[in-house]
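Read through the structure below, which is laid out as structure tokens, and then see the notes.
Values below: every heavy atom of this structure, side chains too, minus hydrogens, waters and symmetry copies. So that the names make sense, note that chain A is the first sequence line, chain B the second, and so on, each numbered from 1.
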Protein chains: 2
Amino acid sequence: MTDAPDLRQRLIEAATQLFAESGYDGVGLREIAKRAKANLAMISYHFGGKDGLYEAVLREGFLRCPSKLSQLERPLPDPAAPDARALAIEGLRVHLQSAVMDLQLGLAQDPLDRAFMAVVLRELAEGGPRLEALDREFMKPHFEHLANCLGILRPGLSDEDRVSLGLAVIGPVLACALLPGLFRLRNDGRPFPADGQAFAEFMLDHTLRALGVEGA
Amino acid sequence: MTDAPDLRQRLIEAATQLFAESGYDGVGLREIAKRAKANLAMISYHFGGKDGLYEAVLREGFLRCPSKLSQLERPLPDPAAPDARALAIEGLRVHLQSAVMDLQLGLAQDPLDRAFMAVVLRELAEGGPRLEALDREFMKPHFEHLANCLGILRPGLSDEDRVSLGLAVIGPVLACALLPGLFRLRNDGRPFPADGQAFAEFMLDHTLRALGVEGA
DNA sequence: GTCTATAGGCTGATAGAC
DNA sequence: GTCTATCAGCCTATAGAC
């Protein structure tokens, strides 16, 4: 991991960790080079500059993560099917578990993946120019799957209310990922959630109760 | 506003806006001085340095906001009262409306207040050394009020589940405040929520359904 | 209190030897 | 591909005139 074979990879790993900790403006290239046990000039040579390195961090992260993202199968419920509601409920469960996994709330073992997700969340929060690409890559698939399931379980909402409902379901997971320090405080210093699976189940149960659906 | 009487105030206002936009490391003192129409040296003179200016931004924000925070009265429900459940429901409503207001999701008119809350949220997300103070000042009162209400409506939860339940209620509001750009995308470019009051009511209704309580 | 001028250090980037 | 040495520019901070 830290002793990756080639320099390029070491630089990307070091940069991912440091950007995750301190943000783009908070780290210098010298520090990154030092952590990667590489020479400063190698950053310009391999990536063309700090911006190029940052983009490489995101690009390589994209390439590395999709295979890990949504490892759980996520069947799209067919509204016309006779068991549509049951499928939607199962879809909702898979969606929540998947979101909790993706956002590294306790299931991700690889520190590099955790750091990468922190970079992504930081970028989403800043609302910068890369927001649309990140949304398309990370958030949109989840939101669409979520919207499908919710549309079956609660049809006929206004546009505004549909967004609100989606937010009511996924918001807790997002908030938890965006404010890890705060929820550590809320949980007496222990990381929260302690058990990602149980957390996802709790949120699923909460959502199903709100939707007036009997839990599967 | 931008033309505040004294220089000190102008510096704090300029710094609040710029720190909100670009973060602590993302802005230079020159830029802050320029926006405040002040001389660079005045920052050291009045605040002792960049760190002092940042702390002043937070301190003055604390002083300015509590009067605006929780403008709605927020009675603490008494679990022993005969109408405890009704009081808890009303408390929950007030809590959600208040949180939506505090987090500037559509109700805050003053751009300075909006910028200040952005600084606070940024600081909470970074998880820095000031996190505990910010939590105590901004989050804890809400969480405690929330916990009181939820404890009445749904007693006997485990510690972990109690945190989860609190997060299920307040998470959507937090997520929305932390990812304004993302939810603008989710809402076809329009800011979300369009109507903070309606948003709070939706979340209250959602929560009450989940808790199996008839809406007031 | 406000300003100019500048110090001293760090930043990202690169030329050029190997 | 990797390194050293160095550049020009920016950063924060401050000494000192007014």
### Task
Please indicate whether A:Glu55 has more than 12 foreign heavy atoms, meaning atoms of other residues, nucleotides or ligands, lying under 6.0 Å from its CD.
yes
### Message
Could you check, using the six-membered ring where one of them is a Trp, whether A:Phe199 and A:Phe192 have ring centers closer than 6.0 angstrom?
### Response
yes
### Query
Could you give the CG-to-P distance, from A:Asn39 to D:dT2, as a whole number of Å?
10 Å
### Spacing between B:Leu40 atom CG and D:dT12 atom P, to the nearest angstrom
8 Å
### Message
Give the residues of residues 45-57 of chain B touching DNA chain C, defined as any heavy atom closer than 4.0 Å, sorted by residue number.
### Response
B:Tyr45, B:His46
### Message
Less than 4.5 Å apart, side chain to side chain, heavy atoms only: is that true for A:Leu76 and A:His145?
### Response
yes
### Message
Rounded to whole Å, please give me the gap between NZ in A:Lys34 and P in D:dC3.
### Response
16 Å
### Message
Nearest to the A:Ala41 side chain among D:dT14, D:dT4, C:dA13, which nucleotide is it?
### Response
D:dT4
### Side-chain donor-acceptor pair present, B:Tyr24, A:Asp25, cut-off under 3.5 Å
no
### Message
For Watson-Crick and G-U wobble pairs within 3.5 Å on both distances, what is DNA chain D written in dot-bracket notation, | included for inter-strand pairing?
### Response
||||||||||||||||||
### Query
Between D:dC11 atom P and B:Asp25 atom CG, what is the distance in whole Å?
12 Å
### Message
Whole angstroms only, please: what is the NZ-P distance between A:Lys37 and D:dT2?
### Response
16 Å
### Task
Please state how far atom CE in A:Met42 lies from atom P in D:dC3, giving the value in whole angstrom units.
7 Å
## Note on the structure
Separation of D:dG1 atom C1' from A:Leu11 atom CG, nearest Å, is 12 Å
### Task
Could you tell me whether the side chain of B:Arg122 and the main chain of B:Ala20 form a donor-acceptor pair under 3.5 Å?
yes
### Task
Answer yes or no: is there a donor N or O on one side and an acceptor on the other, between the side chain of B:Asn187 and the main chain of B:Gly189, under 3.5 Å?
no
### Query
Counting only N and O atoms by type, is there a donor-acceptor contact under 3.5 Å from the side chain of A:Glu160 to the main-chain atoms of B:Ala194?
yes
### Message
Could you tell me how far apart B:Ile32 (CD1) and D:dC10 (C1') are, to the nearest whole angstrom?
### Response
15 Å
### Message
Let me spell it out: for each of A:Arg8 and B:Gly28, pick the nucleotide of DNA chain D with the closest heavy atom. Which residue's pick is nearer the 5' end?
### Response
A:Arg8
### Task
Name the orientation class of the two ring planes belonging to B:Phe62 and B:Phe138 (parallel below 30°, tilted from 30 to 60°, perpendicular beyond 60°).
tilted
### Side chain A:Arg35, main chain A:Ala15, donor-acceptor under 3.5 Å
no
### Query
Do any side-chain nitrogens or oxygens of B:Arg30 fall under 4.0 Å of OP1 or OP2 in D:dC11?
yes
